[in-house]
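Okay, structure first, notes after.
By convention here, the first residue in the shown sequence is residue 1.
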Amino acid sequence: MSVGRAVVLTEFGKPLELRKFPVPPAPEGGMIVASHCGGVCGTDLHLQQGHLEVPTPLVLGHEGLGTVHRLGAGTAADVNGAPLSVGDVVMWASSIACGDCVPCRIHREPTLCENRRTYGVNRPVDQEPGLSGAWADYICLRPGTAVVKVPEGIDPLAAMAFACAGPTMVHALYERRPVRVGETVVVQGSGPVGLAAAALAELSGAERVILVGGPQSRLRTAAEAGIGDHHVDIVGAADQATALAEVMELTAGRGADLVIEATGVPAAIDQGLRLARRGGSYLVVGQYTDSGDTTVNPHQIVYRQLDVVGSWAFTGAHLVQYVGLLPALTRRFDLARLVTRYDLEEHGRALADVAAGAVLKAVLVS
């Protein structure tokens, strides 16, 4: 039996461990994937710090890309019906919804599934198979996982730039509040979610996309990658009011048709409400972890007659749409420029760099 390495969260707030695990047989209806790329998401940092209730020990990594290593009995095609063979490059959805709970069955909201099982988040190593996270040499994908082949010619690191943020924003912009042709869009936040929001807004036909974030190095990288029409540094601004005034000036003083929150900073909410035009929309995507309360003036919602919409996570269908968009995304934007690669053994440094904001998108490579 072959053996594979995996990065394991054993105790909150403590260094992660690189362990070895036996590679299990491919399950019926599933597969074993050689996980060549494991994205480091802000959520992983929260998991390591104990900000979310998850079981341990746990192989981390809920976003990944790899090649088919072994196919289980009955597994012959990806979710689109394309034939699968050993060596094919694939991506997979991080979660499987149960299909039976009230959100799944009645409300038709699988991202709100009460029993959602997520690779790298709530599949501990003591629930076989232990290799259930992407920060590993191999991952065991169970039956019901949405697996999709990556189009030929796509740079794996480019695909990983928005491996989680991309399908998250596909859900937000396809189902929750689409971008309409000719709109002015303001995006708060210049991390992966913010840049995915800006890139997809441009592909969707926005006339102007204004990226508000920081530090300046991130905005510079976004501009070099071709993402966003205007870049406003609110993080490094001596006076945030001046930066916000610059944003309003770029909208001719009316505000944006759509403002997308992708910061994860509660204080950004009140600012974002004031950047939307009267009759506009405010789409909140970035507050995935509970970072605390903030003060909001409800008059701004009523006076502006805003639609305020939240969007949570994504499903396999949204991943399929993201992968299908990769040829268009990589033709228009230099996504690989956003990625910093680390060897699997460098997981500690990668997580520290993400925590420090030193890199835009960290990817573990094995």
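Under the 4.5 Å side-chain heavy-atom criterion for ILVMFWY residues, a single connected hydrophobic cluster contains both Val170 and Phe162. In this structure, Trp312 is not a member of the same hydrophobic cluster as Val285, with clusters built from ILVMFWY side-chain heavy atoms closer than 4.5 Å.
A distance of 8.5 Å separates CG in Leu195 from CG in Leu219, rounded to the nearest 0.5 Å. In this structure, Arg274 CZ and Ile269 CD1 are separated by 13.0 Å, a value rounded to the nearest 0.5 Å. Here Asp229 contributes atom CG and Ile210 contributes atom CD1; the two are 8.0 Å apart, rounded to the nearest 0.5 Å. The CG atom of Leu9 sits 9.5 Å away from the CG atom of Asp44 when rounded to the nearest 0.5 Å.
Looking at every heavy atom in both residues, Trp92 comes nearest to Thr145 through CB-CG2, 4.0 Å. Here the shortest heavy-atom pairing between Ala222 and Leu211 reads CB-CD2, 3.9 Å. Minimum heavy-atom separation, Ser366 to Arg5: CB-NH2, 3.9 Å.
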Taking distance alone, no hydrogens or angles, what donor-acceptor pairs closer than 3.5 Å link side-chain atoms of residues 241-252 to residues at least two apart or in another chain?
residue, atom, partner, partner atom, Å
Thr242, OG1, Asp239, OD2, 3.1
Thr251, OG1, Met248, O, 2.7
Thr251, OG1, Gly255, N, 2.9

List, one per line, each side-chain donor-acceptor pair under 3.5 Å for residues 354-364, sequence neighbours excluded.
residue, atom, partner, partner atom, Å
Lys361, NZ, Val40, O, 3.2
Lys361, NZ, Glu63, OE1, 3.4
Lys361, NZ, Glu63, OE2, 2.7

Just distance, no hydrogens or angles: give the donor-acceptor pairs under 3.5 Å from side chains in residues 175-191, sequence neighbours left out.
residue, atom, partner, partner atom, Å
Glu175, OE2, His318, NE2, 2.6
Arg176, NE, Gly310, O, 2.8
Arg176, NH2, Gly310, O, 3.1
Arg177, NE, Ser281, OG, 3.0
Arg177, NH1, Glu183, OE1, 2.9
Arg177, NH1, Glu183, OE2, 3.4
Arg177, NH2, Glu183, OE2, 3.0
Arg177, NH2, Ser281, OG, 3.4
Glu183, OE1, Arg180, N, 2.9
Gln188, OE1, Tyr282, OH, 2.8
Gln188, NE2, Ala268, O, 2.9
Ser190, OG, Gly214, N, 2.9
Ser190, OG, Gly214, O, 3.0

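Considering only heavy atoms from C-beta on, Phe314 comes within 4.5 Å of Cys164 through its side chain. With contacts defined as side-chain heavy-atom distances shorter than 4.5 Å, the pair Leu112/His107 does not qualify.
Within a 6.0 Å sphere centred on CD of Glu28, other residues, nucleotides and ligands contribute 12 heavy atoms or fewer.
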So Asp78 and Lys149, salt bridge (charged side-chain N to carboxylate O under 4.0 Å, His left out) or not? Walk me through it. CA-CA 7 Å; Asp78 75 355; Lys149 290 175 70 171; over 6 Å; no

Would Ile139 and Leu131 count as a side chain to side chain contact (heavy atoms under 4.5 Å, CB included) if you check the C-alpha gap in whole Å, the side-chain angles of each, and the deciding distance to 0.1 Å? CA-CA 5 Å; Ile139 182 171; Leu131 289 173; 5.5 Å; no

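Between Tyr288 and Thr168, the side chains place no donor N or O within less than 3.5 Å of an acceptor N or O (distance only, hydrogens not considered).
Paired with Val323 under the rule side-chain contact (heavy atoms from CB on, under 4.5 Å), one option of Val79, Asn80, Val148, Val90 passes, and it is Val148.
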